[in-house]
Amino acid sequence: MAERRDFDAGEFADHLPAMTDDELFRLMQYLEKESDDVASEARETSDAFAKIVLVKTAIEDRFPGQLLAPYKEWQQRRTAV
């Protein structure tokens, strides 16, 4: 079983507003890939899922009313290149 690191959600969330859109989207993409490797029985205690929620909220705050559409469009642009 992987060693659990101390995760400070407040500290993590405090850094998100300073990120560029591209940095925030790359972080979300990384976390989504990381979450794929988390065993189903460990999902409730995984930091990856907590971080995804915080990044999702930061994206939605940055793009009011658009949910994750800007992130999805960013993903499509990256795969089209």
Side-chain angles (χ1 to χ4, degrees):
M1 183 173 193
E3 181 181 324
R4 183 163 168 82
R5 298 176 300 255
D6 289 331
F7 169 61
D8 184 332
E11 184 178 321
F12 181 81
D14 287 346
H15 289 81
L16 299 176
M19 292 180 152
T20 65
D21 294 346
D22 191 57
E23 290 171 328
L24 196 60
F25 296 157
R26 279 188 284 138
L27 177 59
M28 179 62 111
Q29 186 174 49
Y30 169 79
L31 291 169
E32 287 179 337
K33 287 179 182 175
E34 184 179 294
S35 71
D36 289 342
D37 295 333
V38 175
S40 59
E41 59 273 1
R43 290 183 182 232
E44 288 186 31
T45 59
S46 169
D47 292 347
F49 290 97
K51 289 176 182 178
I52 287 172
V53 170
L54 292 170
V55 173
K56 178 180 180 277
T57 299
I59 292 170
E60 291 174 349
D61 287 349
R62 194 172 289 195
F63 300 97
Q66 296 183 52
L67 302 175
L68 290 178
Y71 171 62
K72 298 297 183 186
E73 291 167 2
W74 175 86
Q75 284 181 310
Q76 290 176 350
R77 284 192 306 270
R78 288 182 51 95
T79 58
V81 175

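Just the heavy atoms: all of them, side chains too, but no hydrogens, waters or symmetry mates, feed the values below. Because the structure is a prediction, the values reported are computed rather than measured.
Here the CG-CG distance, from L27 to D22, works out to 11.5 Å after rounding to the nearest 0.5 Å. How far CG of L54 is from CZ of F49: 13.5 Å, rounded to the nearest 0.5 Å. Here the CG atom belonging to D47 is positioned 8.5 Å from the CD atom belonging to E34, to the nearest 0.5 angstrom. The CD1 atom of I59 lies 9.0 Å from the CH2 atom of W74; values are rounded to the nearest 0.5 Å. The CE atom of M28 sits 12.0 Å away from atom CE of M19, with the distance rounded to the nearest 0.5 Å. Atoms CG and CD, on L68 and E73 in that order, are 11.0 Å from each other to the nearest 0.5 Å.
Residue F63 qualifies as enclosed at atom CZ: its count of foreign heavy atoms under 6.0 Å is above 12.
Pairing each heavy atom of L24 with each of R62, the nearest pair is CD2-CZ, 3.8 Å. Here the closest non-hydrogen pair linking T79 and Q76 is OG1-O, 3.0 Å. Among all heavy-atom pairs drawn from P70 and L67, the shortest one is CD-O, 4.0 Å.
Looking at heavy atoms from C-beta onward, S35 lies in side-chain contact with I52 at the 4.5 angstrom threshold. You'll find the side chain of D61 stays beyond 4.5 Å of the side chain of L16, heavy atoms only.
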Would you please test K51 and F7 for side chain to side chain contact (heavy atoms under 4.5 Å, CB included) and show each step? CA-CA 9 Å; K51 289 176 182 178; F7 169 61; 3.4 Å; yes
Apply side chain to side chain contact (heavy atoms under 4.5 Å, CB included) to the pair R78 and F25, showing each step before the final yes or no. CA-CA 11 Å; R78 288 182 51 95; F25 296 157; over 6 Å; no
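With hydrogens and angles ignored, the 3.5 Å screen pairs no side-chain donor or acceptor of S46 with any backbone N or O of R43.
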